[in-house]
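Please read the structure below before turning to the comments.
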Amino acid sequence: MTRDIPLSKIRNIGIMAHIDAGKTTVSERILFFSGKSHKLGEVHDGAATMDFMAQERERGITIQSAATTLQWKGHQVTLIDTPGHVDFTVEVERSLRVLDGAVALFCAVGGVQPQSEKVWLQSEKYAVPKIAFVNKMDRPGADFFGVVSEIQEDLNCNAVPVVMPLGRGETFRGLIDLITMKAVYYDPDKPLELRMEDIPADKLEKARKWHANLVEKCAEQDDALLERFFEAGDLTPDEIWDILRRATIARRIVPVFCGATFKNKGVQHLLDGIVNLLPAPNEIPPIVSATAPDATVIELEPSDDAPFSALAFKVVADKHAGKLTYIRIYSGTLRTGQNVLNTTRDKIQRVGRILRMHASQQQNLEEAGTGDIVAIVGLAHTRTGDTICDENHPVHLSAINFPAPVVSISIAPETKADNEKLSAALYKLADEDPTFTVSFDQETGETIISGMGELHLQVIVDRLRREFGVMAAVGRPEVAYRETGTKVVSGQYKHVKQSGGRGQYAHVHLRLEPLKSGTGFEFVNEIVGGRIPSNFIPAVQKGILKAMASGPYAGYPVVDMRVALFDGSYHEVDSSDYAFQEAGRAAFKELFLQSNPLLSEPVMSVEVSTPEEFMGGATGSICQRRGRIETMDEKGAHKLIRGMVPLSEMFGYATTLRSLSQGRANFSMQFEHYEPVPFALTEEIIKARKAAGKIK
């Protein structure tokens, strides 16, 4: 493959932040200043390039991550704008899995907010190097150095300012570049131009202090530089850039920039930071893989000449191109018409087209190489997290782990004619989104869809109507409760049936043990001496899993249990897989009800920001919802209330909070963990489930 741009000048980066920190506005300004777009698209006008879905433009939020590729100072930058709303965390998770670097965006007034922490932890899980950008410096209450302190303390990282603001709020007029020690001013009438001048006398002392901080932090990273720093008392701009780059890639320093992107201030410096500080695909730690035949661990060489390997990280149903599969290429070259092996599904597929994406627009490519993020047409059997590779060099890349859905609703077509269309549409949407699941309740005959929150499911239903032309009626949101046992129990069950011909016989002894929350399910085979033939053991496990899918206590999935099969017997003629499956299912149901079962519910971490005069009402609204207040802090003119509230109590909370605060308070929430449901409420839930026919 002949590259126009060398691998060392490719950057794959994402923008991540709390909702409403300005991610999409930053993306739009990056597109404008790099020459990728010639018109500024605004979120509030519903004209943002990267928010191309109808639902995004109406709500003014990002729902799907959008990718684009641009040029800046001889570098190719692939940019992914991710959502900030917790309901769409899947988009952040899968994007961070394939990116080489990220821009962590913070509001100059809001600072480190709950979802800021969430996405930061997600990026740390994948060891993604980051630079930080403090946005909205033109807003009243903006506090750049306060936000830097929050980043250091709340996110436990070495945040180092490389610029400082000239003014704040209405007086914000530019930056001081702490590397070159020059003041940078912006002309509102000429957004593409900036003016470099000497630092104003009244800012010089503070600028020298923060320049010294920057130089000292850099010198600490290199013994030779530290010695030169002690001798000369300073470092050159080239030396600062060099060590900053190495320390950023090693995740020892997080350089901090600032600006007001809505006013076109600070964007060029951010772009310089992206290309100068974040890594190229050949500068990240090597991708470790296992070959398919013998599980030998190998390192993939980030080279166009190496065997092809890539990870599918996103699937989209495109109305023009059909199924689009977004991939990140880790090694080798991919060409149109090439056959590739999906090692996850063990299928060979043909690459129909290779597309470079610019939000919803597409550019055809003949080939793509190492480090490229492109969309493929033709991979019908590929899903999110699958590995595709050269069919002669099979490898397995680590998959992506996604959180389980926490909210469910029933859904039904409004007309019989829509029945088949609904099933097909739901399948396509579930194929796109691993946090959206579809199931069928055998007891009630209802189709159940589950997702990460109310907004997530609202968007799904809206997409059914707009994109697939399916009108659907939905039920009330229902929480994804879980069942688990609390004590060790053991017992036996004998499945015996005679019907004149060949009978059914299976006899099992099971032991049920509760496990730590979040552990999942463990099956242990303790059969010795052939008491049950080994070929029947999987059938017992299958029966247990079938019983766990709809628990005997309240009809919800059973989690965090170890089940041991330790004894039993069989019949030479009458025993079968079916008989042992039925014995495993019935034995588990009987024993589980003896294990003092309890119901668990998802609990959300909730943060409410409110003016002081509405603080009493806000705290009361949390307590009324079975919530508990954890902390109460001040941030500027607002009070911050943090607490834990069961998800079942949070439906409709946005309306309640708006009413009690005259629309001036807001809140955010994210899933934290599962907790036991109070006994009295458990009885109500079980009673309602019986009345609805969901348990007997």
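All residue numbers in this chain count up from 1 along the given sequence.
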Point to revise | side-chain contact (heavy atoms from CB on, under 4.5 Å) between D100 and L278, worked out | key: CA-CA 8 Å; D100 302 326; L278 292 175; over 6 Å; no

Point to revise | Q76 vs Q71 side-chain heavy atoms within contact, under 4.5 Å | key: yes

Check your understanding: Can you tell if the side chain of T248 reaches within under 4.5 Å of the side chain of R245, non-hydrogen atoms only?
Key -> no

Review point. If you take all heavy atoms of I327 and A312, which pair is closest and at what distance?
Key: CG2-CA, 4.0 Å

Practice item. Start with the C-alpha gap between K314 and V98, add the side-chain angles, then the distance that decides, and say whether side-chain contact (heavy atoms from CB on, under 4.5 Å) holds. Key: CA-CA 10 Å; K314 182 179 168 85; V98 299; over 6 Å; no

Exercise for review: Over all heavy atoms of both residues, which pair between A159 and V256 is shortest? Give the atoms and the distance, please.
Suggested key: CB-CG2, 3.8 Å

Point to revise | Between Q221 and R252, a side-chain donor and acceptor under 3.5 Å | key: yes

Review point. Salt bridge check: are K182 and E197 linked by an N-O gap of less than 4.0 Å?
Key: no

Exercise for review: Please test R383 against T344 for side chain to side chain donor-acceptor pair (under 3.5 Å), starting from the C-alpha separation and ending with a verdict.
Suggested key: CA-CA 9 Å; R383 303 193 70 177; T344 310; over 6 Å; no

Review point. T370 side chain to S303 main-chain N or O, any donor-acceptor pair under 3.5 Å?
Key: yes

Review point. Any idea which heavy atoms bring D138 and A260 closest together, and the distance?
Key: OD1-CB, 3.5 Å

**Study point:** With A108 via side chain to side chain contact (heavy atoms under 4.5 Å, CB included) - residues at least two apart
**Key:** V134, M137, A142

Point to revise | Distance, nearest 0.5 Å, that separates CD1 of I199 from CD1 of I176 | key: 5.0 Å

**Study point:** Side chain S34, main chain W72, donor-acceptor under 3.5 Å
**Key:** no

Review point. Side chain of S95, backbone of V92: donor and acceptor closer than 3.5 Å?
Key: no

Check your understanding: Is any side-chain heavy atom of L214 closer than 4.5 Å to a side-chain heavy atom of I240?
Key -> yes

Review point. Side-chain contact, heavy-atom cut-off 4.5 Å: I80 with F313?
Key: yes

Review point. Got a sec, which residues hit side chain to side chain contact (heavy atoms under 4.5 Å, CB included) with S289, two or more places apart in sequence or on another chain?
Key: I298, L300, V395, L397

Exercise for review: Looking only at non-hydrogen atoms, find the nearest pair between I243 and C218 and report the distance.
Suggested key: CG2-CB, 3.2 Å

Review point. If you measure from OG1 on T261 to CG on L105, what distance do you get to the nearest 0.5 Å?
Key: 7.0 Å

Point to revise | Intermediate values then yes/no, side-chain contact (heavy atoms from CB on, under 4.5 Å), K73 and N276 | key: CA-CA 10 Å; K73 295 186 176 179; N276 290 335; over 6 Å; no

Review point. Hey, does the Lys NZ or Arg CZ of R328 hover above the aromatic six-ring of Y330, less than 6.0 Å from the centre and inside 45° of the axis?
Key: yes

Point to revise | R97 side chain reached by K125 side chain, heavy atoms, under 4.5 Å | key: no

Check your understanding: Side chain of E630, backbone of R642: donor and acceptor closer than 3.5 Å?
Key -> no

Revision key, fill the gap. In this structure, CG of L175 is separated from CD of Q268 (nearest 0.5 Å) by 9.5 Å

Exercise for review: State, yes or no, whether a side-chain contact exists between E93 and P434 at a heavy-atom distance under 4.5 Å.
Suggested key: no

Check your understanding: Does the side chain of V109 come within less than 4.5 Å of K136's, by heavy atoms?
Key -> no

Practice item. Dump the intermediate steps for side-chain contact (heavy atoms from CB on, under 4.5 Å) on Y185 and L166, then the final yes or no. Key: CA-CA 9 Å; Y185 295 95; L166 276 168; 3.8 Å; yes

Check your understanding: Which pair of heavy atoms, one from P394 and one from C389, lies closest together, and at what distance?
Key -> CA-SG, 3.7 Å

Check your understanding: What are the two closest non-hydrogen atoms of I329 and A368, and how far apart are they?
Key -> CD1-CB, 3.7 Å

**Study point:** Rounded distance (nearest 0.5 Å) linking atom CG of L334 with atom CZ of F308
**Key:** 4.5 Å

Check your understanding: Does a side chain donor of either S309 or S331 reach within less than 3.5 Å of an acceptor in the other side chain?
Key -> yes

**Study point:** Pairs satisfying ring-ring contact (aromatic ring centres under 6.0 Å, His included), at least one member in residues 135-176, at least two apart
**Key:** F145-W210

Practice item. Measure from the side-chain N and O atoms of E150 to the backbone N and O of V112, and report whether any donor-acceptor pair falls under 3.5 Å. Key: yes

Exercise for review: Flag the pair V162 / L178 as yes when at least one side-chain heavy-atom distance between them is below 4.5 Å, and no otherwise.
Suggested key: no

Check your understanding: Has the side chain of R29 got a donor or acceptor atom that lies under 3.5 Å from a matching backbone atom of F262?
Key -> yes

Check your understanding: Is atom CG of D633 surrounded by more than 12 heavy atoms (other residues, nucleotides or ligands) closer than 6.0 Å?
Key -> yes

Review point. Can you tell me how far the NE2 atom of H393 sits from the OG1 atom of T343, to the nearest 0.5 Å?
Key: 14.0 Å

Review point. More than 12 non-hydrogen atoms from neighbouring residues, nucleotides or ligands closer than 6.0 Å to CG on D202, yes or no?
Key: yes

Point to revise | Donor-acceptor contact present, side-chain R11 to main-chain S8, <3.5 Å | key: yes

Review point. Taking atom NZ of K130 and atom CG of L99, what is their separation to the nearest 0.5 Å?
Key: 11.5 Å

